[in-house]
Amino acid sequence: MARILITSAIPYINGIKHLGNLVGSQLPADLFARYMRARGNEVMFICATDEHGTPAELAAAKAGKPVAEYCAEMHEVQADLARGFRLSFDHFGRSSSQRNHRLTQHFAGQLADHGLIREVSEKMIFSIDDNRFLPDRYIEGTCPNCGYDSARGDQCDNCTKQLDPTDLINPHSTISGSTNLEVRETKHLYLMQRALRDRLEAWIDSKADWPVLTTSIAKKWLNDGDGLQDRGITRDLHWGIPVMKGDQSWPGMEGKVFYVWFDAPIEYIAGTAEWADANGKQNADWERWWRTDKGAEDVTYYQFMGKDNVPFHTLSFPATILGSGEPWKLVDYLKSFNYLNYDGGQFSTSRGRGVFMDQALSILPSDYWRWWLLSHAPESADSEFTWENFQASVNKDLADVLGNFVSRVTKFAKSKLGEAVPEGGEFGPQETALIAELGARIRDYEGYMNAIEVRKAAAELRAIWVIGNEYLQAAAPWSAIKTDPARAEAMIRLSLNLIRVYAILSQPFIPDAAQAMMAAMGSDDWTWPSDVPEAIRALPAGHAFTVPENLFRKITDEERADWQQRFAGKRE
Ligand SMILES: [Zn+2]
């Protein structure tokens with residue numbers, strides 16, 4: 001039994017995520033966690049909401065709520081949707097937890113003790129009416145280069161010139177519209193990533209098995225231009241983790257908080273500590289996942305994320321860990337994803353374009369979405385959601401192939417042979433051939449799942465479903481029952497057992513349908529079919545089964561057209 005630690009990139013708190021977000025991190029992480037558990041491994045699967053930063057403050061203000069209250073409510077909304085999609089986190093934490101406060105302050109203190117933090121004085125724009133410093137993107141004004149009147153503090157969207165907020169003509173706050181701004185001096189802490197550059201490069205070079213997408217992004221940030229830069233890890237905000245050096249105050253940093261990107265990945269560790277707290281465990285119980293001096297030397301750690309998050313996970317977070325000088329677990333394998341596009345364009349949260357998690361569950365059960373998203377995961381390139389493709393995939397793969405097999409076998413067995421596994425006949429050459437093919441394909445399926453080749457695993461699972469239909473077509477028990485009833489009984493005995501095997505193999509992708517299949521077979525034996533000849537005989541003659549409700553329904557052309565129009569933009 002191996003010990004597998006899995007973290008999914010943590011979703012930001014300010015709203016409901018769309019399906020592109022889901023398939024870029026949480027859903028494939030869940031697939032892998034479910035598979036690793038099914039294989040008998042000890043799994044710790046952690047996710048959380050990412051709750052700090054200016055967007056959370058502004059979203060709370062817009063909702064007319066204190067930011068802590070807003071975050072608590074939105075955390076519950078996201079946790080509910082995660083349950084709806086059957087995301088099997090061991091814990092879904094919060095980056096605003098006291099655990100994360102203490103750990104983030106601890107890491108900052110360790111980095112300072114190792115000489116890896118420097119203080120920098122900067123000139124920043126302060127909005128007197130908003131009573132806050134303004135991040136660059138919350139300042140707009142006229143571009144000094146092209147005269148565009150809505151240029152942002154960091155860049156002009158019209159001529160693409162990189163700007164400094166003090167370059168803008170007639171600058172104003174985008175929060176209040178106020179022009180009552182002034183330049184103030186403020187002090188911030190910088191993590192000295194340049195000093196860790198060579199150690200980071202050597203560590204990344206040691207990861208020969210990582211996807212090219214992951215290492216190429218990391219190398220680009222290490223080497224392009226002036227190379228890896230030191231990074232500001234504090235902000236002048238009210239909401240966040242107060243800047244402290246471990247449990248000591250940090251002179252000159254009073255009233256400041258850590259930058260959200262510094263504390264968010266530390267929440268992977270803190271979230272595991274929250275798991276221990278929520279389950280009445282001791283510190284040793286979470287530390288054995290994270291501290292190589294406290295039992296984590298045999299843990300394999302996998303991270304899942306969209307490609308936009310790769311720089312922070314290959315450079316900034318490892319810099320925090322390496323720089324701490326303490327034996328924390330570094331990631332062993334980083335699985336990154338490209339983007340999922342939506343029907344000829346992009347998903348857009350601001351324009352409400354595409355399908356969001358709550359909307360998806362309001363029209364179809366989670367298995368339909370899980371299957372499509374995982375079988376079309378944007379692995380080697382961006383992929384695109386279209387309603388035509390979604391309809392075809394659900395109707396063919398789920399309804400025609402898997403659903404139809406289960407329905408035909410159970411209905412025929414019940415009407416001709418009764419509601420128990422029939423005992424007559426022996427397995428012949430057709431059954432032997434099926435068992436051999438099934439065994440070979442299951443080994444391939446395991447190979448793809450172990451390598452987190454999500455699309456290939458989905459294609460292999462579908463091929464495994466097809467075997468059942470092809471067998472049924474060739475063996476034709478509906479004919480055999482008239483001429484050789486014992487042969488028909490052997491065929492149905494095998495087919496009912498195959499349904500149970502399908503439930504086990506399909507569970508990581510479509511957990512609800514798998515449960516329904518297993519329940520209909522009157523079993524709760526989820527033993528992985530490593531020994532196929534044995535697995536195909538697990539339900540003995542005389543074992544009772546039931547005919548399940550239709551596992552999947554088809555999507556009609558009318559529904560498809562209706563949904564296509566409904567999700568084209570402007571979320572209600
Ligand atoms: Zn311009």
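Note: hydrogens, waters and symmetry copies are ignored here, and every other heavy atom, side chains too, is used. First listed ligand is number 1; within each ligand, the first listed atom is number 1. All values derive from a computational prediction rather than experimental measurement.
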Visitor: Assess the pair Tyr301 and Trp290: is the distance between their ring centroids shorter than 6.0 Å?
Guide: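 Distance test on ring centres: under 6.0 Å, yes.
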
Visitor: Relative to Tyr333, does Lys335 satisfy both conditions: NZ or CZ under 6.0 angstrom from the six-membered ring centre, and within 45 degrees of the ring's axis?
Guide: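 No, cation not above the ring by the 6.0 Å, 45° rule.
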
Visitor: Among the protein atoms near the Zn ion (ligand 1), how many are N, O or S and lie under 2.8 Å away?
Guide: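 Excluding waters, the total comes to 4.
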
Visitor: Partners of Ser178 by side-chain hydrogen bond (donor to acceptor under 3.5 Å, both in side chains), sequence neighbours excluded?
Guide: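 Scan of Ser178 (side-chain hydrogen bond (donor to acceptor under 3.5 Å, both in side chains), adjacent residues dropped) gives Asp129.
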
Visitor: How would you list all residue pairs meeting ring-ring contact (aromatic ring centres under 6.0 Å, His included) that involve residues 114-169, not counting sequence neighbours?
Guide: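 Every pair satisfying ring-ring contact (aromatic ring centres under 6.0 Å, His included) with a residue in residues 114-169: Phe126-Phe133.
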
Visitor: Would you call the rings of Phe317 and His313 parallel, tilted or perpendicular, where under 30° means parallel and over 60° means perpendicular?
Guide: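 Answer is perpendicular, since the angle exceeds 60°.
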
Visitor: With sequence neighbours excluded, what pairs up with Phe32 under the ring-ring contact (aromatic ring centres under 6.0 Å, His included) test?
Guide: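 Expected list: Tyr302, Phe304.
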
